[in-house]
2 protein chains.
Amino acid sequence: MELNERKLKILEAIISNYLDTAEPVGSRTISKNYDLGISPATIRNEMSDLEELGFIMQPHTSAGRIPSDKGYRLYVDMILSAKYDSPKHLSYVEALLSKAGRIETLLQDIVAVLAKETNLTAIVSTPQYSKCKIKNIQLIELESQKVLAVIVTDGNMANNYVLEINEDMDQPMLNKLSFILNNQLHGLDVEEINLPLIEKIKAFAGNQDEIIGKVLEVVFQAVHNNEDTQIYTSGAINMLRLPEFSDLEKATSIMETLDKKDYIRQLLLNDFDGESIVTDGVNIKIGSENNNENMKDCSLITTTYHIGGKPLGVIGLIGPKRMDYQSAIFSLKCLIKEIEKRMNDS
Amino acid sequence: MELNERKLKILEAIISNYLDTAEPVGSRTISKNYDLGISPATIRNEMSDLEELGFIMQPHTSAGRIPSDKGYRLYVDMILSAKYDSPKHLSYVEALLSKAGRIETLLQDIVAVLAKETNLTAIVSTPQYSKCKIKNIQLIELESQKVLAVIVTDGNMANNYVLEINEDMDQPMLNKLSFILNNQLHGLDVEEINLPLIEKIKAFAGNQDEIIGKVLEVVFQAVHNNEDTQIYTSGAINMLRLPEFSDLEKATSIMETLDKKDYIRQLLLNDFDGESIVTDGVNIKIGSENNNENMKDCSLITTTYHIGGKPLGVIGLIGPKRMDYQSAIFSLKCLIKEIEKRMNDS
DNA sequence: TGTTAGCACTCCACACAAATGAGTGCTAAC
DNA sequence: GTTAGCACTCATTTGTGTGGAGTGCTAACA
């Protein structure tokens with residue numbers, strides 16, 4: 001059996017109607033509301049075929065049809081392959097973002113805006129720290145035997161670490177050490193800090209090798225402990241208002257899932273390994289494609305953002321499978337443009 | 001009518017039973033399960049009196065009784081005035097906290113632990129920045145015409161600000177400026193940075209007065225823009241599992257409330273103005289005492305933590321009115337002890 | 001005078017049946 | 001190939017009855 005023109009039109013009508021109403025769509029509804037010029041009976045025959053082809057399904061015998069994951073996939077692929085409006089410039093976003101100095105604050109603001117605009121759950125990972133270039137390291141005196149290390153990388157990401165050391169240091173001394181550290185590390189990727197390098201740099205520090213070693217070990221460990229990327233989310237409660245989660249059990253379950261940062265991290269960073277298909281920069285996983293029971297009613301839209309030409313972070317949206325993909329993708333594209341502009345404007 | 005010994009015992013029995021079951025408590029239950037040596041009929045008479053006195057109420061004519069806010073208040077006041085076990089030392093908490101260097105991370109870990117331990121929603125405000133003493137200011141070179149200002153205060157709180165300036169600066173120059181800033185500001189409260197002081201310090205900086213002014217103005221504005229305190233929460237989803245929120249409408253409403261950081265901030269920081277009664281350091285607001293429709297089914301337990309002897313932040317728990325106050329208060333006290341130890345260990 | 005057993009009454013919660021209605025598949029006619 | 005008509009299915013809604021938990025009141029009792 002072929003998926004001819006008419007079948008496709010009916011499928012589109014079903015999906016479009018279902019996106020609006022969250023109710024199974026019957027033949028009569030389509031005949032009335034979509035100008036296809038065929039009667040409900042004919043539509044019923046075609047629907048029967050579409051079901052056999054796996055694009056739609058019936059919740060129960062005497063109900064209308066809802067799209068299957070395969071149906072959504074076809075629909076989404078059509079959207080992705082269509083020509084887009086180029087992302088429009090969002091001046092209010094720019095205004096918002098121009099206030100934020102630090103990248104963490106920036107990203108938190110971004111997800112808040114994105115969640116508000118789409119009414120979905122927005123998620124973002126901070127740039128993969130290990131792949132960032134070191135811009136500057138500065139040691140700051142805190143108190144007796146405590147020092148703050150500030151490490152600034154690409155995109156002006158600043159990470160702070162409190163170090164305990166065995167002797168007192170004043171700021172001029174720390175400035176000298178900072179100078180040594182910068183000389184050795186400036187321009188390196190964070191992940192290039194490894195044990196041999198640490199030993200080598202300690203040699204330069206003479207009798208101040210303890211503190212130098214501490215700084216580098218802390219960074220080394222942070223990178224290897226998956227404190228590498230933080231996850232920020234916003235708008236999880238948007239899910240509670242959706243009819244698909246009107247059952248408390250389901251609502252609780254999705255909220256718990258969205259609350260698990262480690263799980264979300266893994267979901268987001270799939271984008272980085274070879275498994276998933278990236279189309280036009282935007283990657284969509286529908287329901288069961290997420291390979292996870294908790295996400296089977298949800299879709300995930302992700303895209304990467306680049307710093308210095310490298311894809312270092314992922315930003316995405318989680319919503320019901322029944323979300324408005326078109327506008328979600330569009331919002332995401334517009335925002336990513338603003339982000340990258342801000343992050344690379346040097 | 002008097003609240004005699006027997007009435008009080010019955011009230012305690014009602015509350016205790018209701019805390020366990022979340023079901024209205026009947027006279028027969030009390031007669032059977034609590035060894036008061038009186039019959040259901042007598043208890044009914046007493047309950048009728050307790051209702052007239054406003055300590056309990058009936059959801060409907062033929063139901064058992066539930067505590068009113070006034071009843072809870074009496075019960076909580078009894079708990080608060082009773083002698084406590086002194087907070088026990090939680091070695092696992094100490095282990096957890098010893099890892100965290102920055103106060104923000106520390107506080108985030110704290111609320112996570114607290115929420116997990118109590119199964120409630122834990123909230124904390126970061127120390128009131130404006131009241132903190134400045135320990136150190138350091139300027140760090142970022143890129144052409146961009147500088148990172150790191151300001152460290154009491155409790156080793158580090159705040160980072162990205163500044164745009166009109167000329168290039170190298171790190172040695174920035175170190176000199178940092179030195180000037182430290183000389184002028186070390187030991188001052190953040191809120192003491194005001195416009196006259198800024199002018200005064202700019203004079204010291206000679207032709208570098210632009211950047212010095214920028215730093216101080218950014219701090220000045222941050223303090224006056226209520227970016228003063230951040231709020232961290234954890235465990236909001238714990239509320240979803242409670243019978244009092246088994247209605248989706250209520251569940252959604254409470255989740256939305258807990259999601260509003262500004263609202264929670266205001267709720268927490270009430271502790272700082274004269275309005276609320278602080279008993280033994282722990283402050284409890286029950287249901288309608290919170291003066292807010294969304295919180296009418298919840299209680300809030302708060303306490304302040306001190307840095308350098310000053311109360312600079314608030315940590316608290318939000319749960320149903322029917323929560324286990326005794327153990328919630330205890331958990332809070334234990335944790336606050338660990339926090340203050342960590343923050344003041346210099 | 002306080003306590004208690006007995007009883008009528010109230011009202012929620014739950015189960016079950018009936019009615020409703022949206023939607024289908026099939027058949028026969030066009 | 002298309003469509004009207006019809007019997008059938010099944011989730012949802014509505015109505016009804018029953019059980020049970022709990023009360024308040026009254027009268028008897030210590």
Side-chain angles (χ1 to χ4, degrees), chain A residues 1-11 13-15 17-18 20-53 55-68 243-244 246-248 250, chain B residues 1-11 13-15 17-18 20-68 243-244 246-248:
Chain A
M1 199 178 342
E2 274 298 291
L3 185 65
N4 59 26
E5 181 82 8
R6 191 168 74 178
K7 283 189 175 55
L8 195 61
K9 274 201 174 134
I10 292 174
L11 179 61
I14 293 171
I15 295 180
N17 197 276
Y18 185 69
D20 275 359
T21 64
E23 296 289 330
V25 187
S27 54
R28 198 148 168 277
T29 312
I30 293 182
S31 175
K32 261 195 305 187
N33 301 342
Y34 297 81
D35 204 16
L36 301 178
I38 41 180
S39 75
T42 311
I43 293 174
R44 278 205 289 283
N45 289 332
E46 296 287 44
M47 279 168 122
S48 183
D49 290 352
L50 281 170
E51 183 159 8
E52 205 176 316
L53 288 166
F55 292 112
I56 54 178
M57 52 204 265
Q58 270 183 305
H60 58 85
T61 328
S62 67
R65 303 307 210 290
I66 61 174
S68 67
E244 25 272 278
S246 64
D247 169 34
L248 189 73
K250 276 190 187 157
Chain B
M1 198 177 347
E2 274 298 290
L3 185 65
N4 59 28
E5 180 82 7
R6 192 169 72 181
K7 282 190 176 56
L8 194 63
K9 275 202 174 131
I10 292 175
L11 179 59
I14 292 172
I15 295 180
N17 197 275
Y18 186 68
D20 275 359
T21 64
E23 296 289 330
V25 186
S27 53
R28 196 145 171 280
T29 312
I30 293 182
S31 175
K32 261 196 303 187
N33 300 343
Y34 298 81
D35 204 17
L36 300 179
I38 41 180
S39 74
T42 310
I43 292 174
R44 276 206 289 285
N45 289 332
E46 296 286 44
M47 280 167 120
S48 183
D49 290 352
L50 281 170
E51 184 160 8
E52 205 176 312
L53 288 165
F55 293 112
I56 54 177
M57 52 203 266
Q58 269 182 306
H60 57 86
T61 329
S62 68
R65 302 308 211 289
I66 61 173
S68 67
E244 24 272 277
S246 63
D247 169 34
L248 188 72

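Quantities reported herein were computed from a predicted structural model and do not represent experimental measurements. Chain A is the first sequence line, chain B the second, and so forth, proteins listed ahead of strands; every chain is numbered from 1.
Nucleotide D/dG22 holds its P atom 14 Å from the CD1 atom of B/Ile66, rounded to whole Å. We find that CE of A/Met47 is positioned 17 Å from C1' of C/dC26, with the value rounded to whole Å. Straight-line distance from the CG atom of A/Leu50 to the C1' atom of C/dT24: 15 Å, rounded to whole Å. What separates CD1 of A/Ile30 from P of D/dT3 is a distance of 14 Å, to the nearest Å. Rounded to an integer number of Å, the gap from CZ of B/Arg28 to C1' of D/dG24 is 17 Å. Rounded to an integer number of Å, the gap from CD1 of B/Ile10 to P of D/dT23 is 12 Å. The distance between atom CD of A/Glu46 and atom P of C/dG23, rounded to the nearest whole Å, is 19 Å. Between A/Gln58 atom CD and D/dA11 atom P there is a gap of 11 Å when expressed in whole angstrom units.
Between D/dG22, D/dT23, C/dT24, one nucleotide has an atom nearer to the side chain of B/Thr29 than all others, and that is D/dG22. Checking C/dT24, C/dT10, C/dG25 against every side-chain atom of A/Ser27, the shortest atom distance belongs to C/dT24. Of the candidates C/dT3, D/dC10, D/dG24, C/dT3 carries the atom nearest the B/Arg6 side chain, counting heavy atoms from C-beta on.
Under a 3.5 Å cut-off, the side chain of B/Ser27 and the backbone N or O of B/Ile43 do not form any donor-acceptor pair. The main-chain N or O of B/Asn17 is found under 3.5 Å from a side-chain atom of B/Thr21 such that the two form a donor-acceptor pair. In this structure a side-chain-to-backbone donor-acceptor pair under 3.5 Å is missing from B/Ser31 to B/Arg28.
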How does each nucleotide of nucleotides 13-22 of chain C score, in 5' to 3' order, for protein heavy atoms under 4.0 Å: base (B), sugar-phosphate only (S), or none (-)? ---------B
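Here B/Ile15 contributes atom CD1 and B/Phe55 contributes atom CZ; the two are 9.5 Å apart, rounded to the nearest 0.5 Å. Distance check: A/Glu51 CD to A/Met57 CE gives 8.5 Å after rounding to the nearest 0.5 Å. For the atom pair B/Asp49 CG and B/Leu3 CG, the distance stands at 10.0 Å (nearest 0.5 Å).
Residue pairs meeting the side-chain hydrogen bond (donor to acceptor under 3.5 Å, both in side chains) criterion with at least one member in residues 52-61 of chain B: none, sequence neighbours excluded. Each salt bridge (Lys or Arg N to Asp or Glu O under 4.0 Å) pair with one or both residues in residues 29-48 of chain B, not counting sequence neighbours, appears once here: B/Arg6-B/Glu46, B/Lys7-B/Glu46.
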With side chain to side chain contact (heavy atoms under 4.5 Å, CB included) as the test, would you mind laying out the steps for A/Val25 and A/Ile56 before giving the verdict? CA-CA 10 Å; A/Val25 187; A/Ile56 54 178; over 6 Å; no
Working note: A/Leu36 + A/Lys9, criterion side chain to side chain contact (heavy atoms under 4.5 Å, CB included); need CA distance, chi angles, decisive distance, verdict. CA-CA 8 Å; A/Leu36 301 178; A/Lys9 274 201 174 134; 3.9 Å; yes
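Qualifying side-chain contact (heavy atoms from CB on, under 4.5 Å) partners for A/Asp247, counting only residues two or more places apart in sequence or in other chains: A/Glu249, A/Lys250.
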Please convert DNA chain C into dot-bracket. A pair counts if it is Watson-Crick or G-U wobble with both distances under 3.5 Å; crossing pairs go in [ ] and bases paired with another strand get |. ||||||||||||||||||||||||||||||
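Applying a 4.0 Å cut-off to non-hydrogen atoms, the residues of residues 35-45 of chain B that approach DNA chain C are B/Ile38, B/Ser39, B/Ala41, B/Thr42, B/Arg44, B/Asn45, listed by residue number.
Considering only heavy atoms from C-beta on, B/Met47 comes within 4.5 Å of B/Ile14 through its side chain.
Between A/Arg65 and C/dG25, a side-chain N or O to OP1/OP2 separation shorter than 4.0 Å is present.
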